[in-house]
Number of protein chains: 2
Amino acid sequence: MSQKDAGVDLDASLGYLLKEASSALRTAMEEVLRPLGMSVTHYSCLELLAQRPGLSNSELARGAFVTRQTMNVLLQALERDGYVTRPAEAPVGKALPARLTPRGRRSLEKATAAVRSVEVRMLSGMTEAEQSSAFRSLRSMVRALRDGDDGR
Amino acid sequence: MSQKDAGVDLDASLGYLLKEASSALRTAMEEVLRPLGMSVTHYSCLELLAQRPGLSNSELARGAFVTRQTMNVLLQALERDGYVTRPAEAPVGKALPARLTPRGRRSLEKATAAVRSVEVRMLSGMTEAEQSSAFRSLRSMVRALRDGDDGR
DNA sequence: GACGGTATGTCAGAATGCTGACATGAGTCA
DNA sequence: TGACTCATGTCAGCATTCTGACATACCGTC
């Protein structure tokens, strides 16, 4: 079923393979995050805030590759549940710097470990050199794709 | 804004980079497909059918990395609009083999060209050797991620 | 100071995809 | 044959994300 004559291009397309890999990674992350009651975007937001405290809603959205509207509803939920705090007024401009609460930090700990184990598993069977090579390749693809845009 | 001291891990994570690349690719594809009135999943379904005629709904779903329920509503729309045909009865089992209509094939032509140009742009700046290397790396990641699953 | 451009936060509605559930058909094994 | 398992197509409800829109705040030039 997997290798028919008619299907030549798809199995040779780096774009298709990229989608496949991303989908597999997402599925694997969902599996380990589900027992923790956390979605991938949920985790992404917390991890971003842990590594870069004070990010605004829009910055978080860009970091998690969703729209700022999507991140906004997520942030409101996280704030309501006490994982995140934002000041009532913006210190400058309109951007509200978000920070993890102790509870948010605690909740993130297990998730980080779980996600890290997934990444370790993903990279098992690859040498350091292969990993750096893959890193450079993906970086190159991202830049090439973005450069073609209307200067976003 | 892009390179703070606090943000070390994320910029070094292959998982994060994989997500970024996949997101960039999806955005680029959406941009070129939008003028054709086609979504990415829409295109994926048609391309799969062009390369492997007679795929069933479930097989298409797996190929496009969505659930069979999602693919079902898409297939119904494509069938209603005359891009795809399915027999009224299953020749064997319950699987209904889908096929492109001439209209579907015609509609796919421009989309294929557009998507191919995106992939070409993505791979510009990479040598053949780098591309094969990236291919092997991504394949390895997919296999490693799937092996850890419950034997799906 | 006035103005245009850009970035942000937020609300509302629509689109998209997923989970849960059910019925059906085929294969396996006792 | 009958029971069990598995894959499939499909319906319904829910969750997530997106697009569109608006008000506000900064920053540049005039």
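Keep in mind it's a predicted model, so treat the numbers as computed, not measured. Order of the sequence lines fixes the chain letters, A, B, ..., with proteins taken first and strands second; residue numbering starts at 1 for each chain.
At a threshold of 4.0 angstrom between heavy atoms, the contacts of S56(B) are confined to the sugar-phosphate backbone, with no base atom among them. Here T41(A) lies in heavy-atom contact (under 4.0 Å) with sugar-phosphate atoms only. Within 4.0 Å of T67(B), counting heavy atoms only, lies at least one base atom of the nucleic acid.
The CZ-P distance, from R34(A) to dC18(C), rounds to 12 Å in whole Å. In this structure, CG of N72(B) is placed 14 Å from C1' of dA23(C), rounded to the nearest angstrom. Distance, R62(B) CZ to dC18(C) P: 14 Å, rounded to whole Å. Per the geometry, NZ belonging to K94(B) stands 11 Å off P belonging to dT8(D), to the nearest Å. The distance between atom CD of Q76(A) and atom P of dT17(D), rounded to the nearest whole Å, is 14 Å. dG9(D) atom C1' lies 13 Å from atom CG of L60(B), rounded to whole Å. Summarising the geometry, the separation between CG on L96(B) and C1' on dT10(D) is reported as 11 Å, rounded to the nearest angstrom. Nucleotide dT8(C) holds its C1' atom 15 Å from the CE atom of M71(A), rounded to whole Å.
Comparing dT17(D), dG9(D), dT10(C) by their closest approach to the side chain of N57(B) singles out dG9(D). Which of dG17(C), dT10(C), dT17(D) sits closest to the side chain of R86(A) comes down to dT10(C). Side chain of R68(B), nearest nucleotide from dC11(C), dT8(D), dT8(C): dT8(D).
Remark on DNA chain D: of its neighbouring residues L74(A) and A95(B), the 5'-side contact belongs to A95(B), judged by nearest-heavy-atom nucleotide. Along DNA chain C, the nucleotide nearest to P97(A) and the one nearest to V92(B) differ in position, and the one closer to the 5' end is contacted by P97(A).
The minimum heavy-atom distance between M122(A) and A144(B), with the atom names listed, is O-CB, 3.7 Å. For the residue pair S23(B) and F65(A), the shortest heavy atom distance occurs at OG-CB, 3.7 Å.
Contact between the side-chain N/O atoms of T70(A) and the OP1/OP2 oxygens of dT16(D) is not found at any separation under 4.0 Å. For S39(A) and dA15(D), the shortest distance from a side-chain N or O to OP1 or OP2 is not below 4.0 Å.
A salt bridge links E20(A) to R146(B): one of the charged nitrogens lies within less than 4.0 Å of a carboxylate oxygen.
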Inset, instruction - Verify salt bridge (charged side-chain N to carboxylate O under 4.0 Å, His left out) between R26(B) and E30(B), making sure each step is shown before the conclusion. - result: CA-CA 6 Å; R26(B) 184 175 192 87; E30(B) 279 168 353; 3.5 Å; yes
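Interface remark: the Q69(B) side chain does not form any donor-acceptor pair with the dG17(C) base, using a distance-only criterion of under 3.5 Å.
Without hydrogens or angle criteria, E130(A) side chain to S137(B) main chain gives no donor-acceptor distance under 3.5 Å.
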